Amino acid sequence: MSEETDGAMSGTDPESSAPESSAPESSAHSTGLQIKDLTIRFGGNTAVDSADFAAPLGRVTGLIGPNGAGKTTTFNACSGLLRPSQGEIRLFGKDITGRPPAARAQLGLGRTFQRMDLFDSLTVEQNIALGREAGLARSHPLKQLLSTPAEMRAVRAATEEVIELCGLRALRHEIAGSLSTGQRRLVDLGRVLAGDFQMLLLDEPSSGLDTAETEKFGEIVTRVVAQRGCGVLLVEHDMGLVMSVCDYLYVLDFGQMIFEGTPAEVRASSAVRAAYLGSEAA
Amino acid sequence: MRGVCTVNDLLPFLVVGVTTGSVYGLAAMGLVLTYKTSGIFNFAHGSIAAVSAFVYYDLRTLRGLPWPVALGVAVIVVPPLIALLMERVTRSLAAGTVATKIVATIGLQLIVMSALLAGYGGAALDFPGFLPTRTVTVIGVNVGIDQLTSAIVAAACALGFFAFFRLSAMGVRMRAVVDNPDLLELSGTSAFAVRSRAWLIGCWFAAASGVLLAPQLGLDVLLLTLLVVQAYGAAAVGLFSSLPLTYAGGLLIGVLAALATKWVSHSETFAGLPPAMPFVVLFAVLLLVGRGRLAEIGGHRPAPASKPLMSRASARITAVVAVLLAAGVPLVAASKLPVYSSALVFVLIFASLHLLVRTSGQVSLAHAALVAVGSSTFSHLVVGAGLPWLLAVLLAGVVAVPVGMLVAIPAIRLSGLYLALATFGLGLLLERAVYGTSWMFGATNTLPAPRPALFESDEAFYYVLLAFAVAGSLLIALVGRSRLGRLLRAMADSPTTLSTLGLGVNVTRVTVFAISAFVAGVAGALYASQGRSATGAPFLSYTSLTWLTVLVLCAGLRAAGPSLAAVLVAVVPAYLTDGTLAQALPVLFGFGALLVALYEARAAKRRGSGQPLDELDAPQGSRSGERLGVPGPAAQRLTVARRARVARSAPARVRVGTGLAKGATR
Ligand SMILES: Nc1ncnc2c1ncn2[C@@H]1O[C@H](COP(=O)(O)OP(=O)(O)OP(=O)(O)O)[C@@H](O)[C@H]1O
Ligand SMILES: [Mg+2]
């Protein structure tokens with residue numbers, strides 16, 4: 001109750017001056033997303049407790065931990081839906097801690113939602129196209145109103161590419177609200193892939209997918225990272241998937257970063273096993 | 001403001017303020033109690049007050065029963081029946097979206113209000129008071145015994161209720177639910193008991209405030225129905241949550257209104273301020289209080305909409321046929337031509353509302369005010385400034401734009417219920433405080449509004465209006481198919497997601513309000529020109545409520561909805577030769593909207609979709625670590641419990657229904 005400030009996130013979007021598509025110098029760029037001393041409290045409950053991590057470009061970084069560990073909360077803070085109580089968030093070297101969600105996305109940060117927050121009344125194709133179109137419209141009244149033919153071509157091309165990539169051809173004209181959970185996951189992923197994002201936050205993208213779909217999802221992620229050189233921060237419960245696609249892992253438990261290392265190191269860690277077993281026993 | 005006032009100068013106003021404020025407080029407590037326990041904000045709360053006042057009037061004056069009997073029936077016997085009905089209706093609405101619920105209770109209000117108007121007429125009747133009207137002197141101020149008594153009765157009810165709330169087992173359970181509405185879901189068997197008791201108390205309070213206020217106001221349907229709208233202001237002071245603060249808010253509003261009366265008694269310009277006081281308070285609270293504190297409860301996300309009923313090609317053909325039919329109207333219905341002319345204006349009005357409400361999912365209850373701004377501006381421009389007719393019409397639209405953007409300010413901070421309330425408050429504020437000033441219609445409330453010289457005749461002007469209706473509808477249709485239209489439909493589903501994709505959604509919101517306001521302003525100018533005079537009378541704030549219900553009623557027709565709505569509002573009444581039937585038409589609109597809302601809620605429930613709003617990953621509140629509507633540790637536990645529940649029942653969705661707040665101009 002002590003903080004009365006909510007201007008930065010609820011107020012009007014400041015015209016973001018950062019060009020989204022300018023080729024940034026590789027040194028600052030390769031840093032990707034960096035979080036320092038991130039703390040988020042809900043009343044008395046500390047959901048994330050001075051966590052530090054980095055998700056560089058060109059790699060898949062995993063963020064794992066038992067239920068309620070604070071993974072989604074971390075994502076919300078990164079994408080600007082929550083204001084951290086303390087700490088700093090940097091994207092490609094820029095401090096974005098106080099920026100509204102749209103400004104962060106315009107800088108190249110995209111995300112999916114654990115609950116697959118689709119545009120339920122629109123078709124699959126429209127959902128995916130909006131992933132690109134929202135970024136083109138930005139916060140500019142005229143750009144929001146009208147699109148240039150070149151932009152429309154770019155949107156169409158991105159949509160086609162993603163529909164192909166995610167294997168959504170058969171579903172493209174279905175209303176998103178009528179899809180199954182697995183299909184919704186893919187649409188949510190496709191939507192963010194259609195956007196012009198260099199850093200992707202994926203929140204439990206495989207939950208609700210069957211084994212074959214999960215495998216395919218893993219392929220998609222690896223392919224996108226290889227092709228675009230973007231960075232991925234992946235929250236995931238499916239350990240098989242995590243171990244196969246992630247280059248580096250962070251383990252969160254009760255809001256605290258209890259371990260970090262390569263998949264092999266994490267598998268060998270007794271602290272991580274204790275955290276998972278402990279949470280299952282409880 | 002005005003020199004030095006001694007306490008003694010202010011005392012009479014304070015006393016008057018406290019006496020009426022006490023009754024407002026009572027009504028507001030009933031409103032908040034039912035809102036917190038049922039998750040449904042009852043726009044028809046004022047209608048309950050009106051019903052009880054009229055029951056009393058009917059029994060006492062028309063049937064000559066002794067006053068204690070009439071009073072007993074009106075405030076003790078009737079409210080439980082209403083409570084039963086309300087509990088039943090609101091239970092059926094539980095799975096609906098916020099918009100569904102708003103429309104449903106507005107429909108109820110329309111039913112009651114129009115039924116009373118049809119039954120007893122619109123003129124203020126003499127309310128047969130039952131309290132002595134002698135005055136006594138309280139701290140040096142003369143007060144009527146009746147006023148004093150009603151204040152004391154209201155205060156006693158409030159105190160009695162607080163005692164019940166603190167001490168009895170049921171009261172304690174109710175308090176737990178009011179503090180944290182999620183608990184009702186968990187408390188299983190007692191949910192019905194808590195909710196029905198809450199409705200009972202809420203209805204009793206509303207009824208009591210009705211008979212207590214009627215002696216001072218006279219028995220006027222509109223005044224009574226909208227006067228308990230004062231309760232909105234009081235409820236806002238309690239942040240739609242705290243009951244004691246709500247009662248205090250009632251007192252505050254009573255006192256502020258009384259003081260405002262004193263301060264503006266010398267000023268022409270601000271004469272409208274005292275009656276607008278509650279809305280000033282409502283608007284201020286909604287705008288200034290951090291939205292993390294305004295917890296919206298019981299909201300559900302819009303359910304998926306179905307594919308359009310008509311293909312694009314057949315929709316085009318239908319539109320062309322409709323225009324051709326409209327062009328032939330002067331040949332076949334010459335005697336009723338003015339009726340059709342105003343229907344054409346209503347096509348524009350409904351098209352602009354459609355863009356706002358259905359395409360982009362914003363609830364706006366200030367639309368009539370925008371039309372009124374267009375009307376009055378047009379007259380000022382064409383008569384006052386001598387501008388050419390066409391230019392004046394278009395500029396009237398332009399002037400409405402900033403007003404529309406003003407309405408958009410609450411839309412940036414608020415959504416759902418609170419947006420609806422803020423816009424309603426703004427509409428009322430404009431109506432009461434600005435319509436009567438020289439900025440708008442002036443004290444006489446009528447301004448001249450000519451037609452263009454070449455199109456003086458009804459017939460010629462009809463075709464001018466047809467051209468505007470077609471152009472306006474095309475504009476709205478084009479917007480619907482532009483990038484903005486796509487963004488708006490997505491925004492109706494999930495603004496948060498859209499912002500994480502890089503869209504500045506606040507800009508989108510302001511833009512849609514601006515476009516809608518422009519079309520509404522032009523419509524206002526045309527309406528004035530058609531009637532050859534600009535007046536605020538057809539654009540009172542409750543008109544906005546009627547428009548919304550009628551639009552929702554025609555929702556199934558998608559893009560053709562605005563045209564049908566225009567026919568329903570403007571043409572149908574003219575063919576109802578029976579006066580009572582014409583008066584009762586809004587009752588049917590209300591019923592229709594209520595039925596549509598109930599149907600939507602049932603469809604959502606059957607689908608098992610319509611996740612509660614707070615099931616989103618994305619918190620909507622922006623305060624540090626505080627998510628909209630889920631404060632406190634109990635809520636956190638709940639979040640976990642619920643998450644497990646949601647995970648188990650993976651949403652299986654079927655494609656049906658129309659989706660109340662959904663895009664339709666696809
Ligand atoms: N808006 C909120 N208000 C209060 N507490 C919250 C809120 N959001 C999350 N929490 C709490 O913060 C903690 C972390 O939640 P979070 O959703 O981040 O977990 P998670 O790691 O994503 O878990 P899961 O694997 O189940 O998705 C939990 O204890 C949760 O109850
Ligand atoms: Mg999570």
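What's counted below: heavy atoms across the whole structure, side chains too, no hydrogens, waters or symmetry copies. Letters go in sequence order (proteins before strands), and every chain restarts at 1. From a predicted model like this one, the values you see are computed outputs, not experimental measurements.
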Chemist: Please state whether the side chain, the backbone, both or neither of A/Phe197 comes within less than 4.5 Å of a heavy atom of chain B.
Modeler: side chain
Chemist: What are the two closest non-hydrogen atoms of A/Ala102 and B/Leu503, and how far apart are they?
Modeler: CB-O, 3.3 Å
Chemist: Between the side chain of B/Arg489 and the main-chain N/O of A/Leu122, is any donor-acceptor distance below 3.5 Å?
Modeler: no
Chemist: Mark yes or no for whether A/Gln144, through its side chain, and B/Gly504, through its backbone, hold a donor-acceptor pair below 3.5 Å.
Modeler: yes
Chemist: Who among A/Met152, A/Arg191, A/Arg132 has the most heavy-atom pairs with chain B under 4.5 Å?
Modeler: A/Arg191
Chemist: Are A/Asp117 and B/Asp493 close enough that some pair of their side-chain heavy atoms sits under 4.5 Å apart?
Modeler: no
Chemist: Please tell me if the side chains of B/Arg486 and A/Gln126 come closer than 4.5 Å, counting only heavy atoms from C-beta onward.
Modeler: no
Chemist: Can you tell me how far OG of B/Ser499 sits from CD of A/Gln106, rounded to the nearest 0.5 angstrom?
Modeler: 10.0 Å
Chemist: Any idea which of B/Leu484, B/Leu501, B/Leu487, B/Leu498 has the most non-hydrogen atom pairs under 4.5 angstrom with chain A?
Modeler: B/Leu501
Chemist: Please classify the contact of B/Ile515 with chain A as side chain, backbone, both or neither, using a heavy-atom distance under 4.5 Å.
Modeler: side chain
Chemist: Do you know which two heavy atoms are closest between B/Arg483 and A/Leu146, and how far apart they sit?
Modeler: NH1-O, 3.6 Å
Chemist: What's the spacing between B/Thr497 OG1 and A/Phe113 CZ if we round to 0.5 Å?
Modeler: 4.0 Å
Chemist: To the nearest 0.5 Å, what is the distance between OG1 on B/Thr511 and NE2 on A/His140?
Modeler: 11.0 Å
